Amino acid sequence: MKFPGQLVFGLDIGTRSIVGTVGYRVGEKFYVVAQSIREHDTRSMLDGQIHDIYKVGKTISEVKGELEDKLGRQLKDVCIAAAGRVLKTVTVRVDQELEGDHEVGGEDIYALDSMGVEKAYAEFSEDNETDLKFYCVGYSVVRYYMNGYTIGNLEGHKAKTIGADIIATFLPEDVVDGLYKAVGVAGLEVVNLTLEPIAAIRVAIPEMYRMLNIALVDVGAGTSDISITKDGSIIAYGMIPIAGDSLTEVIAKHCLVDFATAEHIKRETGVKEQIEYRDIMGLPQTITTEEVEKITAPVIENMTRQVADKIRELNGDKSVSAVFVVGGGGRLPGYTQALAKELDIQKERVAVRGEEVMMNIEFLEQDAHRDSLMVTPIGICLSFYEQSNNFIFVYFNEQRIKIYDNNKVAVVDAAMQAEFPNDGLFPKRGKELNYSVNGKPRITRGELGEAAVITVNGNETDIYAPIHANDQIKVIESTAGAAAQLDINQLPEFGTTMRVEVNDKKVDLPKFACVNGNLQSGYYSIQENDNIEILNYYTVRQIAEFMDVIINQEMNIYVNNKLADMDTKVYENFSVIWTMEVLQLSDKEKYDQDVSYADLPEDDGTYVKREREEMPVGVTFGDEPTAQQIEPETEELQESGEAVTQENVEIETKTNIPLSIHVTVNGQEIQMSGKSEYVFVDVFQYIDFDLSRPKGSGIVTNLNGREAQYMESIHSGDVIEIYWKH
């Protein structure tokens, strides 16, 4: 017999029965060619998990044989679905930064998905308190993100960051192994493994309805599998280990019958008003549908309460808009009404779904089953076209491991399954260095080490290289790089030198830093938790020490033409003068320095110091304010009546006659008077030029077209230029 498409064999291995379906797809339609249903002779499966592999394998063989007779050909490959009472799911969010405006490709998306599965596995392993070994048997992407916003398909877009919400599903090793061994007993090989809730939702909730917040409940014999849709995606999976068998058991106890007879009574409930049966004593009995509903009501109430609680848990602690029910266990009268009540939604919005959702399913057999029992088996077949999933064995560092194959398996997946440390795959950074600069914490990261050396079948490759069954994978763990090292002169705040002018000469001073209260040069190697303060000034004392100059007590010190002392701070481009002579100061200059004098004699120009107050004389340069207080003289001078005592000191006695001169400064003529001779710095007392507020990188001083010296004599007719250099 020939068919226009490849035949796909799907097997729903349930707790109560095994349903086999064979069909093919053409376009959007799936054609069911043959069906076979067999119930287990004994309770060889409980709660969706195989308890007797060989008895289940025998029943699978019977289903396979019947289908082969109908088709006239042998069946070898099969698609199956997993459920089980220990199905676990983990939902994670992952984000990945890309370099620049990067065009997203398939490799980027795969790397993002792998990162999500890896993160989910890490979270699950941390919370797994059992001794069972779990496998990741599949994952679903709930939604993708591009630059923080949701997007349907990342591929081809340019993005700075991409992200994803991912649901990963885990099953214990014994559940997966049991399924594989049972189909192996029947001479079949698994070519695709999916999850029962995923399979059911493919048929029961088409993509056009997944924008709605809908729950699908697949009520089997041993488990009730649940999945939730919202905003176009499947957002959650779950299950509870209670379903149709619980109803059968309560009927068996009430009617005093074996399990098979109780199952018969359950199926006839709602179909017949009275159901006839024989009890274990062989006596004929009858029971009404009403009586069956009455004795099963407490079980249905308990079952639907647990289902409703799980739905709310999966749906963010709130109910859904509607519920579709599939599977044989949900067909008992009263189930949908009880579930609607527990979810507090209209009873019309909880309904059993069967043939009405199979619009794209064509049944070629005359007596085909078209009810809710067929939703999951057909969904298992359809899963084959979405992805070809299987478990394969590979060797990772000579350890044989089993890994779920979704046609995208890479070295990183095998490493994760082998519990190889994640940081062993990627280059490790050396120890970081923590310190602070000017009060702000800073970190310098260590160097990257060597990446892991990875080979597959002897060929060197990377962690994203695809792998296949029986591949030999060897990984030499990555190494850590050197610890972070940094000298002070490598800090961006630390310049090489600062330039000042000392006695009319340019002097370049090396920069220093204060580390934990101690002065250090630029060659100091920063240590863990160092507190660093970058110094952008020298004191006069430090400048003198650097220049090997001894300043004695008789010498006068000036910083930017202001009287200063040894502790005065000197910043970039400041001028410093130390001299045995006292600068000739005008009345305005004396006033600016807050020095009070006795009344001046009429002719001789002598200034006698009366009192010197402690007044800060400040200079501001750039963003670094300074404030220096002029220390009081050692011998404080005081005014006493009409005469001056021995404690008073004459600052300067001038015997020459004061002169007046006229000079041109920046194009304006000014008259200078009151002194017998004048030097260049005297000009600043007659012009509006604020030295305390720098407006450039330095001061340009020209005398008659050449560079002037501050202590150079000036005369009438001289032409002077003074301005800030930019």
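Excluded from the calculations below are hydrogen atoms, water molecules and symmetry mates; all remaining heavy atoms, backbone and side chain alike, are included. Keep in mind it's a predicted model, so treat the numbers as computed, not measured.
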Check whether any side-chain heavy atom of [X] sits under 4.5 Å from a side-chain heavy atom of [Y], and report yes or no.
X	Y	answer
Phe426	Leu448	no
Val94	Leu112	yes
Gln520	Ile488	yes
Ile720	Asn702	no
Ile167	Val90	no
Ile714	Ile661	yes
Leu659	Lys675	no
Leu491	Val437	yes

Any donor-acceptor pair under 3.5 Å from [X] side chain to [Y] backbone:
X	Y	answer
Lys474	Phe396	no
Thr539	Gln542	yes
Ser125	Ala122	no
Thr479	Glu450	yes
Asn560	Lys562	no
Glu712	Gln709	yes
Asp462	Tyr464	yes
Asn666	Tyr723	no

Kindly give the heavy-atom pair with the smallest separation between [X] and [Y], and that separation in Å.
X	Y	result
Leu703	Ser713	CD2-O, 4.2 Å
Ala414	Ile403	N-CD1, 3.4 Å
Val117	Met416	CG1-CE, 3.8 Å
Gly449	Pro427	O-CB, 3.4 Å
Ser716	Ser660	OG-O, 4.3 Å
Asp487	Ser525	OD1-CA, 3.4 Å

Under a 3.5 Å cutoff, is there a donor and acceptor pairing between the side chains of [X] and [Y]?
X	Y	value
Tyr145	Asp165	yes
Asn531	Ser436	yes
Tyr435	Thr444	yes
Glu528	Asn434	yes
Tyr144	Asp113	yes

- Between Glu103 and Lys158, does a salt bridge (Lys or Arg N to Asp or Glu O under 4.0 Å) hold up when you go through it step by step? CA-CA 4 Å; Glu103 184 173 318; Lys158 286 188 175 181; 5.6 Å; no
Just to verify, what does [X] make a side chain to side chain donor-acceptor pair (under 3.5 Å) with, not counting sequence neighbours?
X	value
Ser673	none
Ser478	Lys428
Asp508	Arg499
Asn422	Glu118

- Message: So that I know where these two stand, are Phe689 and Trp724 an aromatic pair - ring centroids less than 6.0 Å apart?
- Response: yes
- Query: Excluding sequence neighbours, so at least two apart, what forms ring pair (Phe, Tyr, Trp, His ring centres under 6.0 Å) with Phe134?
  - Reply: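 Ring pair (Phe, Tyr, Trp, His ring centres under 6.0 Å) check on Phe134 returns Phe124.
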- For Phe680, what residues pass the ring pair (Phe, Tyr, Trp, His ring centres under 6.0 Å) criterion, not counting sequence neighbours?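 Ring pair (Phe, Tyr, Trp, His ring centres under 6.0 Å) check on Phe680 returns nothing, list empty.
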Can you establish whether the number of heavy atoms outside [X] located under 6.0 Å from its atom [atom1] is more than 12?
X	atom1	result
Ile550	CD1	no
Gln668	CD	no
Gln485	CD	no

- Task: Show your working on side-chain contact (heavy atoms from CB on, under 4.5 Å) between Ile722 and Val700 and close with a plain yes or no.
- Result: CA-CA 6 Å; Ile722 301 174; Val700 176; over 6 Å; no
What residues, two or more places apart in sequence or in another chain, satisfy salt bridge (charged side-chain N to carboxylate O under 4.0 Å, His left out) together with [X]?
X	answer
Asp530	none
Asp127	none
Arg429	none
Glu432	Arg445

Any chance you could measure [X], atom [atom1], to [Y], atom [atom2], to the nearest 0.5 Å?
X	Y	atom1	atom2	answer
Ile551	Trp578	CD1	CH2	4.5 Å
Leu535	Tyr538	CG	OH	9.0 Å
His102	Thr161	NE2	OG1	12.5 Å
Ile473	Asn397	CD1	CG	9.0 Å
Tyr686	Tyr678	OH	OH	5.5 Å
Arg442	Ile526	CZ	CD1	8.5 Å

- May I ask you to establish whether Lys88 and Phe170 are in a cation-pi arrangement, using a distance under 6.0 Å from NZ or CZ to the six-membered ring centre and at most 45° from the ring axis? no
- Query: What pairs with Met146 under side chain to side chain contact (heavy atoms under 4.5 Å, CB included), at least two apart in sequence or on another chain?
  - Reply: Ile151, Leu154, His157, Ala159
- Under the side chain to side chain contact (heavy atoms under 4.5 Å, CB included) rule, collect the residues that match up with Pro421, sequence neighbours excluded.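 Pro421 satisfies side chain to side chain contact (heavy atoms under 4.5 Å, CB included) with Asp423, Glu477 once adjacent residues are dropped.
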- Item | side-chain contact (heavy atoms from CB on, under 4.5 Å) evaluation trace for Tyr395 with Asp471 | CA-CA 6 Å; Tyr395 294 87; Asp471 276 351; over 6 Å; no
- Decide yes or no on side-chain contact (heavy atoms from CB on, under 4.5 Å) for Met672 and Asp682, but give the supporting numbers first. CA-CA 9 Å; Met672 303 174 67; Asp682 293 334; 3.5 Å; yes
